[in-house]
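Everything numeric here is computed off the predicted structure, so don't read it as measured data. Positions are given from 1, in the same order as the sequence printed here.
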Amino acid sequence: MPVLVRKRLVLSLLFLFGMCSVADPALPPKLPLTQTMPSIAPEKAAETNAQARDHILDAITQLIVEYPPVVSGERSFVPNVRGILFFRPSADRTESDISRAFAANLGDSEAHGARGLEFIAQGKPKDAVEELSAAIALDPDSPSGHLGLAWVHLFGEDGAGASVEFDKALKIAPKSPEPLWGKAMVALVLGNQSDFFHNVDAVIVADPNAPVVYAIRGMGNVLSGKPERAAQDYEQIVRLLPQSADGYAGLCTLYNFLDRGNRGLAPCDAAVKLRPDWAPAYTARASTYEDISDMPRAIADATKAIELDPTSAFTYGIRCGALTQSRHYEQGIADCDKADALAPENTITPLARGIALTELGRTQEAIDVLTRAIARFPFMAETYMDRGNAYAQLGKWNEAIADWTSAIGKTPERALLYTGRGAMYLMKSDYANAASDYRRAIEIDPYAADAHGRLGMSLFALGRFRDAKPEFEKRVELDPGSAYAVIWLHLARAKLHETDDQEFQTNAARLQRRRWPIEIVDMLAGKLAPEKLLAMVAQAENGKPGNFSCETDFYTGEFYLTQNRRDEARPLIQTAARLCPGGSAAGIGASAEAKSLN
C-alpha cells in the first residue's frame, strides 16, 4: 500500500474514528475519549456525538462515492488503496469538534488527550505523542491517551504498535467500542480481512443500532471487493437514519456499481432532496445518470457538484465522461485536464480521455493512454474494458477479447463484463462463445434485458430458432418498449412457421410511433409496402447507404423470405451483410442468413 494513500486514510478517516463516538442521539451517550467526564451535560454529549457521527458518515460516504469498488485479479483484501480516489481532508478539521465542544470542561488528562488528537489532525505526530503521553501519565486508567497513541502509530505505519495501544485501551475499558474499531481499522489498512470483519462485527453485536459501524464495515466490504454486502450495510444505515443523506448517497453509488440502472436512482434523489447543498450527493447521482446514458442530467448534476466543491477531481472526471459520451469531445478533454491537475494519479480520466480520443478517430492514442492507465492501475476492470473497445474499433478482435477477459478476471461477478465480451465475440462472428457469455450474464442478472436479446440473436445466428424464441420473449417482457425486441421475436416465430399476428399487433401497439424502426415494424405487419420503405430510406440517405439502408435491406429481405420470395431476398441480405456493422443486430442476422442462402 502506498505511503501517501495510507496517510490519507489515517489522517482523513481513521482519525475520525479515534476521536468520535458512533452513538445515536436517541441512545444513552457514549463519550469517546474518557469514561469519566461528569461535568458534561448528557444532552450536550448526545448532540456532540451526533455531530461527530455525521462527520464520520460524511468522510466514509465521500470515500465510497469517489471510489469505484474494484478488486484485483488475486482477490486481495486491499488490492491497491490508491484506488481510493481524491479524498481530501476537510479544511475545518484542524481543531477537533470534541475538543471545541468540551474545552471548558476537560480535566488536565483529557485536555492533553484532546490536544494530542488535534496534533494528529494537523500532521504533527511528535507533538501528539508528547501530549498523549502526558495524558497517560496524569491518568493511567483513562483509555483516551492509549487510543490517541494508537492512531499515531497507525499514521506512522506501525500496525503492531497501534494494536498494542488499542489492546491497552480495551483492557481499561472493555465495553468501549473505540478500541475494537481501532483494531478493525489496523486490519483494514494492513489488509487482514478476517481480523477486520471479526472486530467490526464484534462492535455491531455490542451495539447493533450504531449507523457508523455499518459504514465502517461497508468500507471494508468495498475494499474487499464485496459491493453487494456493502450495499446491505448502507441499506441498514438508511433504516437507522432515514433522514441522513449519507446513507442514500452511499447506497446510490453502490447500486450504480452493481449495475442496477434506473433502480439505483431513488436513493440518489433522496440524498439530493435531504441535502441539496452537499456536493457528493450530486456527484453520486451524476455517476448514475452517466451509467444509464442520461448524459444531460449527468452533466447538470456534475456541474452543480463542481459549483459546490470545485476541488473534486472525481467530479470533473464524471463530467468529462458525460461530455465525451455526448460527443462534446474537446470539452470533455478539457475537464479531464482539470481533473488531472487536481489529482494526477486518478483512475477515471484515462477512461474518459480514451473514449474521447477513440471517438475523434485517434484510436492508437487512446490505446496508449489506456495502456499507461493499466500499468498504473492494473486492478481496474474499466481500463481493460475501454482498451478492448478501442481495439475493436481497429478490428483487432483477439486483443479486444483478451482485454475483456482480463476485466472479467478483476470482477467476475459483474454481468456487464460478460455482455461486453459477448459483443466482441459477436463482432468476430463467434456466436457460440457469445451465447456462452450472455448465458453467464443472465445467471448473474436475470433481469438484464439486453443480455436476453443478445443471447437470442446469437442463437438465431446459429440457426437455433427454437432456443432463441424464449430469449426474445423475455426481452419483450423486460423491455416492452424495444422495437427491436418485438421485431426479433417476430422473426424467430416466422422461422418456426408460427402464426403470431395477434401477438405482433399487441406488442407493436406499445411502441412509440415516431421513432425508427417503427417503419420496419409496419412493413413486417403488412402496413407498409417493402418497396415503398426501400425507396423512402434511399431518398432519405441521398443515395449514400448508411445504417438505415443496412437495416432496411436486412429486415426487408427477412420479410421476403417469409413470403418465399428468396430471389428478391438474397441480394438485399447480401448487401446488408456487406454494409452492416458486424456487431449490430442487422449485421449479425444478415451474416448468418447470407451463409444459409448461398
Without swapping roles, check the side chain of [X] against the backbone of [Y] for a donor-acceptor pair under 3.5 Å.
| X | Y | answer |
| --- | --- | --- |
| S244 | D246 | yes |
| Y255 | C268 | no |
| T283 | A279 | yes |
| T419 | L416 | yes |
| D309 | A305 | no |
| Y438 | A423 | yes |

Are [X] and [Y] side-chain neighbours, meaning at least one heavy-atom pair lies under 4.5 Å?
| X | Y | value |
| --- | --- | --- |
| Y418 | P412 | yes |
| K304 | L308 | yes |
| M295 | Y289 | no |
| L251 | I237 | no |
| Q236 | D233 | no |
| I216 | M219 | no |
| R475 | S482 | yes |

**Asked** Do K226's NZ or CZ and the ring of F197 fall within the cation-pi criteria of under 6.0 Å and 45°?
**Response** yes
**Message:** With salt bridge (Lys or Arg N to Asp or Glu O under 4.0 Å) as the rule and sequence neighbours excluded, what pairs involving residues 349-360 come up?
**Reply:** D337-R353, D340-R353
Return a table of donor-acceptor pairs under 3.5 angstrom between the side chains of residues 442-452 and protein atoms on other chains or two or more places apart.
from, atom 1, to, atom 2, distance (Å)
E443, OE1, R440, NH1, 3.1
D445, OD1, Y447, N, 3.0
H452, ND1, E471, OE1, 2.8
H452, NE2, P446, O, 2.9

**Prompt:** Does a side-chain N-to-carboxylate-O contact under 4.0 Å join R217 and D201?
**Reply:** yes
**Complete:** Taken to the nearest 0.5 Å, the spacing of Q331 CD from I299 CD1 works out to 8.0 Å
**Asked** Does atom CZ of R327 have more than 12 heavy-atom neighbours from other groups under 6.0 Å away?
**Response** no
